[in-house]
Amino acid sequence: MSQARPAARIAELRQQLEDANYRYHVLDEPNIPDAEYDRLLRELDELEAAHPELVTPDSPTQRVGNAPSGKFAEVRHAIPMLSLGNAFSDEEVHDFVRRIAEKLQRPALKFSAEPKLDGLAISLRYEHGAFVQGATRGDGASGEDVTANLRTVKAIPLRLRGEGWPEVLEVRGEVYMPRADFERYNEHARLQGGKVLANPRNGAAGSLRQLDPRITAQRPLAFYAYGTGLVEGGALPDSHSATLAKLREWGFPVSALGEVVEGAEGLLVYYRRIGERRDALPFDIDGVVYKLDDGEGQREMGFVSRAPRWAIAHKFPAQEQATTVEAIEIQIGRTGAATPVARLAPVQVAGVIVTNATLHNADQIARLDVRVGDSVIVRRAGDVIPEVVGVIAERRPDGTQPWTMPAHCPVCGSEIVREEGEAVWRCSGELSCPAQRKETIRHFASRRAMDIEGLGDRYIEDLSDLGYLQSVADLYKLTLDDLLEMKRRADERKPVPAEAGSTTPETAKAGKIATRWAENLIEAIDRSRAATLERFLFALGIQHVGESTAKALAQWFGDLQLIRRLPWPLFKRVPDIGGEVARSLGHFFDQPGNQQVIDDLLARGVAITDTHLPSGRLRAELTLSKLLVDLEIPKITPVRAEQLASAFANASALLDTPAHNFVSAGLPSESANAFAAWLEDDANAQLLSRSGEALGTLLAITPEDAAEAGGPLDGKTVVLTGGLASMSRDEAGAKLEALGAKVAGSVSKKTHIVVAGESAGSKLAKAQELGIEIWDEARLLAFLVEHG
DNA sequence: GATCCTCGAGTTCA
DNA sequence: CTCGAGGATC
């Protein structure tokens, strides 16, 4: 750099920075890394500081102004910023096209179509190529002067590029916040304890209304141009698409998704294509906009009140809606978990009517401070499940109270309690609580458990309320007559609105249908009698025992009679079962009521189809030292357990042993005393004795051969995502497991292969990010064929 | 004790 | 799908 010619260097730096900006925001082809950009900007800043006389308002260093202005001035739009008519259905789009075709008497109309960003409409005024004023849309006739804030938006050029632009040019477009930037900003704000933005749209709007442009400069705002306003001292091309192309040349970002399409069919195809990509786009859109492309046609169509007749916005079903909370009720789950659910005034969100939304737990309610009577924003996040995003504070009616968890279960009246350090509150009624009983039955009968088809929620409700089902075992006691009687009584209880003049033949028909239903259900229950151990264990609904743990238990121990009598520390020999889960299993089997249910189930014909000996892999795990560690005795570390195990032959030898004998075994006196003290508790001594016996029994029956048949996928972790055409994901998972793979539910760096089916989502994205091997369905099928 | 990875549990509507 | 928490690992 030559000190003698700072002006030349300044001009060069500005050019480089502007080019970089243009390539980044308009062409989407960055040419220099961010760090390099920052370096150039710093150099320019220093040069300008040394030569203040060379600073111009359109320099890239001058984006962020200083003094907060007091208030926004009003700006009158030379040409009003119009609103657009809306279309919500295909029919309305056809009407729109038909109206134009009739008036213009022209077939094959061409439209310029582009996504409608969910941001804030603004107007930018350029005089002789320099950005002089920017305003919000306001009411369309006049808006607020937010020039200082708009200058901080890097996607907005401070001076126009190229040539041929009019002396005065107003550009219209949308300021928005890209979704990823919004998330990043919020994450940062949360960490700093700052204010979190409700959604990208509000974020963009709020950012532009900041009085201090230095705050706006920190917000990740972006911009797309979609049209023009006043044009003086020059002319624009006479079609919308060509105008957009010109704007792009002059330095404005223009949506890359814009297209020129023909006729109503073309518009609808475009609408669907964008709709499919909606979730994957980096920004929120609320629809697409169609504009008649040629200027002559536009002029001929003219305006109706304040909207052009040559353009329309075709909206997507709203993903977020406002509604009111009519009540907050709690639901009791299978484990007694009390989940608050908001009852909402019905509202259409993303195509379905939503009346309920989970509030997860009491903490969540406290965080959002949702109250009965509040207006709230409801969203169907990504998939389908509605959630309350936030409260509209301004609309809170007077006299509302913060919500609190009720002290008693609304179903059984038992106390609702919360374990130390846990997030969930639980009804303490256990199986005396009808709600928990019903949920337990529902879980038992569910598809992935015993798979009793036709036993819907309503019937569980009725059967349970009318006393036919005290426990899951009673399912296998039901007779055809029971079911028919139940149905009759249930109908009496809550009669179906009786149709006047209902005739006998109809009643007979209803009777036939009921009989048919009952027969089918009885048959389904009968089919479920043959169950795998894995499904059966899962169906019991033991806390912390889901499908995966149930499967591990079945594989390692193989026999229900063994499992149901195992002291809890032995469960810890199975990988992924720790103290918490082991105790939960022990607690379940310790309860006589549960053992009775199991006995009843077996007595009524439930038969485990795959009983076998414990897995050979278990043998290596069956040592006294491991058992001693699993008992969680204070001061007994693996090293101390090892010492005890080598000095004593078995668990019973440890009983009734004075502490000094433990010291002779090599234990420090502290550990020896702690162990002796632990043994003094009868319950502990008994647990040790029982566990020792169980250890011996297991050792006696566990086969020696630990070798497992090695499959081609041994040791590989596979994740399935998306839909497969040739089989269900479950089937594919079973086949992969048969080849030795471990099928996991989520992608991590430990994953070896991801099988991506149709419309795979975030898991596929994550796999690509982590550079994990990805198979499509064809690859999977080829592999399965190759290996049997 | 911290961190990463999984699993369990709960949830909506047609 | 998302959250919370249990288990494994360093």
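Lettering of chains follows the sequences in order, A, B, ..., and the numbering in each one begins at 1. Just so it is clear, the values below take in all heavy atoms, side chains as well, and ignore hydrogens, waters and symmetry mates.
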Q: For the pair A:Lys716 and A:Glu773, find out whether any cationic side-chain nitrogen is under 4.0 Å from an anionic carboxylate oxygen.
A: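 Salt bridge absent between A:Lys716 and A:Glu773.
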Q. Are any of the side-chain nitrogens in A:Arg442 or A:Glu439 under 4.0 Å away from the carboxylate oxygens of its partner?
A.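 Here A:Arg442 pairs with A:Glu439 in a salt bridge, since their nearest N and O are under 4.0 Å apart.
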Grab the [atom1]-[atom2] distance between [X] and [N] for me, whole Å please.
{"X": "A:Ile365", "N": "B:dT11", "atom1": "CD1", "atom2": "P", "result": "12 Å"}
{"X": "A:Lys749", "N": "C:dC10", "atom1": "NZ", "atom2": "C1'", "result": "12 Å"}
{"X": "A:Arg448", "N": "B:dA9", "atom1": "CZ", "atom2": "P", "result": "14 Å"}
{"X": "A:Glu547", "N": "B:dG8", "atom1": "CD", "atom2": "C1'", "result": "10 Å"}

Which nucleotide in the set [options] lies at the smallest distance from any side-chain heavy atom of [X]?
{"X": "A:Gln543", "options": "B:dA9, B:dC5, B:dT12", "value": "B:dA9"}
{"X": "A:Thr335", "options": "B:dG10, C:dG7, B:dA14", "value": "B:dG10"}
{"X": "A:Ile353", "options": "B:dG8, B:dA14, B:dT11", "value": "B:dA14"}
{"X": "A:Glu580", "options": "C:dG6, B:dC7, B:dT6", "value": "C:dG6"}
{"X": "A:Lys750", "options": "B:dT12, B:dC5, C:dA8", "value": "B:dC5"}
{"X": "A:Val581", "options": "B:dT11, C:dG6, B:dC7", "value": "C:dG6"}

**Q.** Test of ring centre spacing under 6.0 Å for A:Phe589 and A:Trp568
**A.**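 Judged by ring-centre distance (under 6.0 Å), A:Phe589 and A:Trp568 do not meet the cut-off.
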Q: For A:Thr323 and A:Ala345, indicate whether the former's side chain and the latter's backbone hold a donor-acceptor pair under 3.5 Å.
A: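 Flag set: sc A:Thr323 to bb A:Ala345 pair under 3.5 Å.
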Q.
Considering every strand and a 4.0 Å limit on heavy-atom distances, what is the contact class for A:Lys551: base, sugar-phosphate, or nothing?
A.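 No contact at all - A:Lys551 keeps every heavy atom at 4.0 Å or more from the nucleic acid.
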Q: Mind checking A:Val354 for me? I need base, sugar-phosphate or nothing, with any heavy atom below 4.0 Å counting as a touch.
A: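 A:Val354: backbone/sugar contact only, no base atoms under 4.0 Å.
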Q) Between A:Asn356 and A:Gly336, who's closer to the 5' end of DNA chain B by nearest nucleotide? A)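 Here A:Gly336 is the residue nearer the 5' end.
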Q.
Let me spell it out: for each of A:His443 and A:Thr751, pick the nucleotide of DNA chain B with the closest heavy atom. Which residue's pick is nearer the 5' end?
A.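 Here A:Thr751 is the residue nearer the 5' end.
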**Q.** Any A:Thr358 side-chain nitrogen or oxygen under 4.0 Å from OP1 or OP2 of B:dG10
**A.**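 So the side-chain polar atoms of A:Thr358 never come under 4.0 Å of the phosphate oxygens OP1 or OP2 of B:dG10.
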